[in-house]
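Numbered from 1 within each chain, the chains take letters A, B, ... in sequence-line order.
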2 protein chains.
Amino acid sequence: MADLHSASPDNLLRTVGIKVTRGRVRVIAALQAARQPMSHAEIGTQLGADAAVPLDRVTLYRILESLVAVGLALRAVDTRGVFRFSAAGTLHRHEGHVHFRCTDCGGVFCLKAAPPSPPKLPRGFRLAAVEFDVRGTCAVCSARPAA
Amino acid sequence: MADLHSASPDNLLRTVGIKVTRGRVRVIAALQAARQPMSHAEIGTQLGADAAVPLDRVTLYRILESLVAVGLALRAVDTRGVFRFSAAGTLHRHEGHVHFRCTDCGGVFCLKAAPPSPPKLPRGFRLAAVEFDVRGTCAVCSARPAA
DNA sequence: GCTGCAAATGCAACCTTGTTGCATTCTGAA
DNA sequence: TTCAGAATGCAACAAGGTTGCATTTGCAGC
C-alpha cells in the first residue's frame, strides 16, 4: 500500500478511486508539504500565491471534504473553532487505531495503541461507530511557549 | 470556596467579585442544570423559552466571556467548531464513563461502561483529556421508521 | 479519437457563529 | 440618594462554512 506522504497526488487519487483534477492535486501537494495542519484560509492563500489561477473558495471546501471522505486528509478543530486539515499518515483505514488530537494546532497523530472494544449498549441501541479520541498538546506545541 | 454546583448563582457571582445581574444568574442556573456542555445557541434558546424576556445574543456572549474569565464557566470547542460552555467543576462528572451519541436525534446518553485507560503517548506529548465516543442510533430512533 | 454522463467546478447568495462600537440602563459602594 | 463604572441592548460587521444551480471536465465505453 502506498505511503500517503511520498506517493504522488495523482496516484493517491487514483488509488482511492476519485477523479484526478488539478485542484485536488494542488491541495494534496500543499497538505503533504505542510508541517502543521492548515486551515482552509491558509491553503487558499498558499494556492493563490503559487499559481496564476486561484482556487475557488467553495471548491476548496468541497475538495477538502472529498479528501476527508476518502481518507486522504484528516480534519480537526483548533482552539478558535476553525477546521484544520492535514494529509493522512497512512492509507489504511483509520479504524484500527487511536488518534491524538492536539488542541493547540489541531494536528492529528496516529497512535500505535489498539482501540478498546465497544461497551455493552442498552436494549434497542444500535452501534454505528466507535471513536477513541485522546486530546492534549503535541510535542511541537508543548515545546513552544504559550502565546 | 463554595461548591460550584450547589451554591446559588448569586453567591457564586459575589464570591468572585463581579456584579450580580439577572442575565448572569440565569446563565449560571442554566449551565448548572445542564447535563452536557451547552452551545451559545442552546443557552439562548433555553433562556428564551424559560422567560418572557429573552437575553440579547451579544449580551449572552459577553456574559459567557465574563464567566469564563472569572473561572465560573469552562469553554471548549466541539467537533463542529462551535464553542460549548459548562459550569466549572462539572467536568469530573463526565470522566468516569462513556458517552453514546445518537446520530439521528443528537441525544447523548451516559453508558455504564468504564472508559479505557489512555494509551502511551510519544515523547513530548501532553495528555489533556480522553474521550471515548460511541455513535449510533438510540432505542427511540431505532424503533422509529426511517424518515 | 469521439461521445455521453456523472463528477467536479465556479459563482452568487445565504446561514451561523462570533465580534466591535456606542448609547442606555443598572449595580452597588459611598 | 447619588453616581461612576460595569453591564446591557441594538446595529452593524467579519469570518467561516454551506447550498443551489449552471457550466465545465475527467474518464469510461465505444
Query - Side chain proximity check, A:Leu12 to A:Val16, heavy atoms < 4.5 angstrom - result: no
Query raised in the report: In terms of the nearest nucleotide of DNA chain D, which residue is placed more toward the 5' end: B:Ser66 or A:Arg62?
Result: B:Ser66
Report task. Give the angle between the helix axes at the two ends of the helix from C:dG1-D:dC30 to C:dA30-D:dT1, taking five base pairs at each end and rounding to 10°. Result -> 40°
Could you list the protein-to-nucleotides 24-28 of chain C atom pairs, N/O on both sides, closer than 3.5 Å?
{"residue": "C:dT27", "atom": "O2", "partner": "B:Lys19", "partner atom": "NZ", "Å": "3.0"}
{"residue": "C:dG28", "atom": "OP1", "partner": "B:Val20", "partner atom": "N", "Å": "2.8"}

Report task. Return the value, rounded to whole Å, for the distance between atom CZ of A:Arg80 and atom C1' of C:dT19. Result -> 13 Å
Query raised in the report: So do the side chains of B:Val82 and A:Val77 get within less than 4.5 Å of each other, counting heavy atoms only?
Result: no
Report summary line: DNA chain D: first to last nucleotide in contact with chain A (atom under 4.0 angstrom from a heavy atom), 5' to 3', is D:dG16 to D:dC27
Requested in this report: Could you tell me the separation between the CE atom of A:Met38 and the CG atom of A:Leu31, rounded to the nearest 0.5 Å?
Outcome: 7.0 Å
Query raised in the report: Under 3.5 Å, side chain of A:Thr59 to main-chain N/O of A:Leu55, donor-acceptor pair present?
Result: no
Query raised in the report: What are the two closest heavy atoms between B:Arg84 and B:Ser39, and how far apart are they?
Result: NH1-N, 3.5 Å
Query - A:His40/A:Phe85 aromatic ring centres below 6.0 Å - result: no
Query raised in the report: Rounded to the Å, how far apart are B:Glu65 CD and C:dT19 P?
Result: 7 Å
Query raised in the report: How many Å lie between CG on A:Leu13 and C1' on C:dA7, as a whole number?
Result: 13 Å
Query raised in the report: In whole angstrom, what separates A:Leu64's CG from C:dA8's C1'?
Result: 14 Å
**Report entry** Note, A:Val68 side chain near A:Leu74 side chain (heavy atom, < 4.5 Å)
**Finding:** no
Query raised in the report: Are the side chain of A:Arg75 and the backbone of A:Phe83 linked by a donor-acceptor contact shorter than 3.5 Å?
Result: no
**Report entry** Minimal non-hydrogen separation, A:Gly71 against A:Ala88, with atom names
**Finding:** O-CB, 3.1 Å
Report summary line: The residue, B:Ser39 or A:Asp56, whose nearest nucleotide of DNA chain C is more 5′ is A:Asp56
Query - B:Gly23 vs A:Phe85, nearer the 5' end of DNA chain D by closest nucleotide - result: B:Gly23
Query raised in the report: Taking the side chain as C-beta and beyond, is there a heavy-atom pair between A:Gln36 and A:Ser86 under 4.5 Å?
Result: no
Query raised in the report: Between the side chain of A:Arg26 and the main-chain N/O of A:Leu47, is any donor-acceptor distance below 3.5 Å?
Result: yes
Query raised in the report: At under 4.0 Å between heavy atoms, what does B:Arg24 touch on the DNA or RNA strands: base, sugar-phosphate, or nothing?
Result: sugar-phosphate
Query raised in the report: DNA chain C: A:Thr59 or B:Val82, which has the more 5' nearest nucleotide?
Result: A:Thr59
Query raised in the report: Roughly, in whole Å, what's the span from CZ in B:Arg57 to C1' in C:dT20?
Result: 12 Å
Query raised in the report: Taking CG from B:Leu55 and P from C:dG18, how many angstroms apart are they, rounded to a whole number?
Result: 16 Å
